[in-house]
Number of protein chains: 2
Amino acid sequence: MADILNERKLKILRAIVDDYITTGVPVGSRTISKKYLDWSSATIRNEMMDLEELGYLAQPHTSAGRVPSERAYRLYVEQLMNVSELNGDEVENLKSHLSARSRDLKQLFHDAAKAISDATTYTAFVMPPNPLGIKIRNIQLVPVTSGLALLVLVTDAGIFKDTFIRVSPEFGQEELQSINKLLQRNLCGHSLNGVLTRLEGQMKDSVDDQRQVLDAILDSIKSQLFEEESQEIVVGGSSNLLKHREYSDIEKARALLSAMESRETLGSILQGAKGLQFTVTIGNENPHEIMRDCSVVTVSYIVDGAPTGSIGVIGPTRMNYSHVTSVLNYMKNMMSDILSSSYDDSIKSLEEHNKNENTGKE
Amino acid sequence: MADILNERKLKILRAIVDDYITTGVPVGSRTISKKYLDWSSATIRNEMMDLEELGYLAQPHTSAGRVPSERAYRLYVEQLMNVSELNGDEVENLKSHLSARSRDLKQLFHDAAKAISDATTYTAFVMPPNPLGIKIRNIQLVPVTSGLALLVLVTDAGIFKDTFIRVSPEFGQEELQSINKLLQRNLCGHSLNGVLTRLEGQMKDSVDDQRQVLDAILDSIKSQLFEEESQEIVVGGSSNLLKHREYSDIEKARALLSAMESRETLGSILQGAKGLQFTVTIGNENPHEIMRDCSVVTVSYIVDGAPTGSIGVIGPTRMNYSHVTSVLNYMKNMMSDILSSSYDDSIKSLEEHNKNENTGKE
DNA sequence: GTTAGCACTCCACTCGCCCGAGTGCTAACA
DNA sequence: TGTTAGCACTCGGGCGAGTGGAGTGCTAAC
């Protein structure tokens, strides 16, 4: 018995998944025959028996209809499903969630998560840009008072929270400027990850006075990295979990909700979300016991040409993959646009100034 | 029939509430007689009938035990309940949630919310300090490049997110310094609220060049205020809702969870949380329909001598008020301590520097 | 290869029943 | 007069039998 499914089997499988996704009730042969395909229920029944033997379908009990297995979902996601377009209303709805405020990174993430969860009726999340991959646009030590300077770190993803750095009181304008030059020449355009090693290398070559400052900067970036790494994954619409039959068992629902409250767990749940392409993780493909009957769909948004963070959806394996994909795709584009443009606005001027300054002095 | 309850009625009422809080099951006269008090069940029954007539108890149905009414809870909270001390383990548990990271405001709020929700099995929240009331410790315009300066605003509650301010390129060191002096002399020590009006007044008296910069600063503070005002109320342990019998109705649970996801709703739910004292809002005392069978307990934490933000708990009216109160009280103190000390650490030095600078030059 | 027909299975639902917890009332007791 | 024992009554929850319906697998005919 070949594992390759003939045309009819594929059509039937698609119909079963489609129906099961919308109704949540095991699908019988009659339903398929009446609602979707023009073969008689007996024919369909025969094919369904084959599909069951091949592991694509399962029966909850003898006299029930069939439910798709995880294998079926995988096939469905990769080959069968019709990728639907969002209609005008849906687009409007998504747009309406993002407002002027959404230029703020935080707010944008919240709004996006809300938008996605509302549109899909599942739980949405937004992962902030991976800090290690973020490129430094500008790094500068700004004198505040004698003995105290402010480290301003501008990255692709906006302004890193600034911190105060203690410098020795003898440090004057000239020393600061030379450090700034050093910083800018060596670190701009590199990823934070690279910067750390570069800074450490740099320190060996520098005189004591500078060394101390560089050390402080290194510490500061490190601690911020640490902080940002455990940075919140923004979750939206967790109450949507309870909308679906799968979680009418309250203890199951609670466990899952609770898992999503912990940043660590959530992080590991979403660990697959990295690349440019859509990632779909179905049921047991998930690392967590608790996610056994969940699926996760993710996609990365793009800032400045490179994927940085990602957005996604957690829902029951019986999830409307097609619609979720469309929503995520649309939102990905919107976010990429917004982030790229706000990056332009807020940073370009600063960048240009520095270029002029640097070239002017060389 | 006097509304004043005799000693015995009070004792019985307390026993009923205590029992109902722990078991969640309507309390019968026999239970009270066996587990709590040494009168016969018949006696207790008689008293219970009185209490029911007085509106302190209710019967779900004829042959069930009694449940406390909201009136009973109110009396219980105000007079009857034994305020319990936390035992060593509980204190340890609370402490263990707060780590070194908790010096960061954000992180502290998260940790605190988690700690409270874990300790109480209810849903906890932390309201950040009310931004209008926050006092400015230090305000300074730091030159970054020509034409661009960084506005650093240090407040009681830590560093306000800094923003870039465009200044005219002719603005040199002297102009900046004079503006800085102006800012510091006029604005330090005032609340943000006051600062806004003061800045507006100031602008009339200033020359065009300064005026432009002040305008930009005003805008920046305003927009930040707006941003901070809708600032997140941190919620912890919302999944705890599902732990309690009250929310075994999944639709009810979902509605409540969903309400707590919206910042606006949440804000209005917690609107009562202002003063120094504990606030307990029981059932229908809540403004929201959806909160009909919820209670909210809140208390403010203290920074620099004044109540600023608050922490609290949302749970079923059948809530362990006594324990919740103890936990909140303990956490309030811890947070006040942490916030006050971190304020000291991070800001004092900066403050002193500025004092010296100012007095030195006058 | 497809389809109609049919017997069979099994879940979900309803109905009636009983049990037990708790009540309210009455009468006896201190 | 206040307290308690006793008792009949009420009502919800749990259990089991019975039923209907959806869906299956198999067989035989087309």
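Order of the sequence lines sets the chain letters (A, B, ...), proteins ahead of strands, with each chain counted from 1. Everything numeric in this text was worked out from a predicted model, so none of it was measured.
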Base-pairing assignment for C:dA7 (Watson-Crick or G-U wobble, both under 3.5 Å):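 Its partner is D:dT24 (Watson-Crick or G-U wobble, both distances under 3.5 Å).
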Counter-base of D:dA29, judged by Watson-Crick or G-U geometry with both distances under 3.5 Å: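 Per the H-bond distance test, C:dT2.
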Side-chain N,O (A:R8) to OP1/OP2 (C:dG1) below 4.0 Å: no
Residue-phosphate contact under 4.0 Å: B:T43 side-chain N/O, D:dT3 OP1/OP2: no
[X] [atom1] to [N] [atom2]: how many Å, rounded?
| X | N | atom1 | atom2 | value |
| --- | --- | --- | --- | --- |
| A:E47 | C:dT3 | CD | C1' | 13 Å |
| B:H61 | C:dA21 | NE2 | P | 13 Å |
| B:L37 | D:dT4 | CG | C1' | 16 Å |
| B:N6 | D:dG2 | CG | P | 11 Å |

5'-most by nearest nucleotide on DNA chain D - B:P60 or B:W39: B:W39
Validation row: B:Y122, B:I314 side chains within 4.5 angstrom (heavy atoms): no
Contact check, side chains of A:S310 and A:V299, non-hydrogen atoms, under 4.5 Å: no
Partner set under side chain to side chain contact (heavy atoms under 4.5 Å, CB included) for B:R254, not counting sequence neighbours: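 A:S239, A:L242, A:K243, B:E251, B:S258.
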Verdict with supporting geometry, B:D18 and B:Y36, side-chain hydrogen bond (donor to acceptor under 3.5 Å, both in side chains): CA-CA 10 Å; B:D18 278 340; B:Y36 299 90; over 6 Å; no
Residue from A:R30, A:K35, A:R66 passing salt bridge (charged side-chain N to carboxylate O under 4.0 Å, His left out) with A:D19: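 One option only clears the test, and that one is A:K35.
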Contact state string [nucleotides 13-30 of chain D, B base, S sugar-phosphate only, - no protein heavy atom under 4.0 Å]: ---------BSBBB----
Residue from B:I269, B:T298, B:I311, B:V313 passing side-chain contact (heavy atoms from CB on, under 4.5 Å) with B:F125: B:T298
